[in-house]
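Below, read A as the first sequence line, B as the second, and so on, with proteins coming before strands; counting in each chain starts at 1. Values in this document were obtained by computation on a predicted structure and should not be read as measured data.
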Protein chains: 2
Amino acid sequence: MTINQATDYALRAVLYLARQPQGEVTEAQAISGQEVIPMRFLLKIMPSLIKAGIVKSFRGVGGGYALAKAPGEVSFLDVVEAVEGPIALNRCLNDYAFCSKKGAPNCQIHQALADVQAKLKAELQGHNFAELIN
Amino acid sequence: MTINQATDYALRAVLYLARQPQGEVTEAQAISGQEVIPMRFLLKIMPSLIKAGIVKSFRGVGGGYALAKAPGEVSFLDVVEAVEGPIALNRCLNDYAFCSKKGAPNCQIHQALADVQAKLKAELQGHNFAELIN
DNA sequence: CTATTGTTCACCCATTTAGTGTACTTTAGG
DNA sequence: CCTAAAGTACACTAAATGGGTGAACAATAG
């Protein structure tokens, strides 16, 4: 029921980038140092943010990262799902194979959890990084 | 971000008990068989529901389990927290030691997640087993 | 060409998850 | 009071996940 460490780091990294002047390229080392994220681990996480279209990267001398969108266009849900994949409050909500009842059609638990999950996703989607810049 | 298998089983077990005539004692074998929960694993999960005051147990011949409260008095949150302990969307929300910034006082990520977590808990608390009996 | 920056893929160790084994305790009924 | 039928406690395990590290590579500014 908790996000993992990589996601926590990713949220902090995105917020850090969101606080930089628009278009500014920030190197991994700066993010790592300021946000206290192990450098090598950060470098491993960033590509998933890039694939999700949240961040752009620049290689070579003077390279680094920058947001690919306006901070207000990036939600917590975007970042969480970029790193962890689709949210599933219960594994069976995304893949019936995980249900020992094999997705018995009238599983009330399933339906109630699906409802909670929808609310959770909406809530995560409702938070973006523009709000947090200060 | 997902509940674990034990919690899923616990929710199904509680729902099963909620559907029995009030006061009826149901043996583990029946729950296990009907809800397709590995017997030994179910027996291991039940004590946490008992400690949380959700279920009562009866030992010896003719023993089994029964709800300790009315179905409407048992929320999803009760069951989830009975099995998994307090919900923490981020580990640092319950224990600052897990924050690599050591709970830097103005962590905006922390604050936003705390807000989402509060909504999630409220949502889980809003679902009880009376609604699901049919 | 070279130093600097990010990328990729493989690996590693500790913890958690999802269970099983074995021995024990309680209790109804004969 | 014996015994079979229930739940309890504690230890153990195989597999997956979490949180990282290592080493070689690729791109790019100067």
Residue-level proximity of residues 40-56 of chain B to DNA chain C when a heavy atom falls under 4.0 Å =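 Output list: Arg40(B), Phe41(B), Lys44(B).
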Sequence neighbours left out, what pairs pass ring pair (Phe, Tyr, Trp, His ring centres under 6.0 Å) with at least one residue falling in residues 15-46 of chain B?
->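 Sorted result for residues 15-46 of chain B: Tyr9(B)-Phe41(B).
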Using the test salt bridge (charged side-chain N to carboxylate O under 4.0 Å, His left out), find all partners of Glu123(B) that sit at least two apart in sequence or belong to another chain.
-> Lys119(A)
Listed partners of Gln117(B) passing side-chain hydrogen bond (donor to acceptor under 3.5 Å, both in side chains), at least two apart |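 For Gln117(B), no residue satisfies side-chain hydrogen bond (donor to acceptor under 3.5 Å, both in side chains) once neighbours in sequence are set aside.
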Sub-3.5 Å donor-acceptor pair from the side chain of [X] to the main-chain atoms of [Y], do we have one?
X         : Y         : answer
Gln20(A)  : Thr26(A)  : no
Ser32(B)  : Pro38(B)  : no
Asn128(B) : Glu131(B) : yes
Glu81(A)  : Ile87(A)  : yes

Report whether Leu11(B) and Met39(B) are members of the same hydrophobic cluster (ILVMFWY, side-chain heavy atoms less than 4.5 Å apart, transitive linking).
->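 Cluster IDs for Leu11(B) and Met39(B) match.
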Decide whether Ile37(B) and Ile50(B) are clustered together by the hydrophobic rule: side chain heavy atoms of Ile, Leu, Val, Met, Phe, Trp, Tyr closer than 4.5 Å, transitively.
-> yes
Within the structure shown, what part of the strands sits under 4.0 Å from Gly63(A) by heavy-atom distance: base, sugar-phosphate, or nothing?
->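 Contact class for Gly63(A): sugar-phosphate only.
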To the nearest 0.5 Å, atom CG of Leu15(B) lies from atom CD of Gln108(A) at 7.0 Å
Considering only heavy atoms of chain B and a distance under 4.0 Å, specify the first and last nucleotide of DNA chain C in 5' to 3' order that meet this criterion.
-> dA18(C) to dA28(C)
Would you mind telling me which residue lines up with the more 5' stretch of DNA chain D, Phe58(B) or Val61(A), judged by nearest nucleotide?
-> Phe58(B)
On DNA chain D, which is the earliest and which the latest nucleotide, 5' to 3', with an atom closer than 4.0 Å to a heavy atom of chain A?
-> dG19(D) to dA29(D)
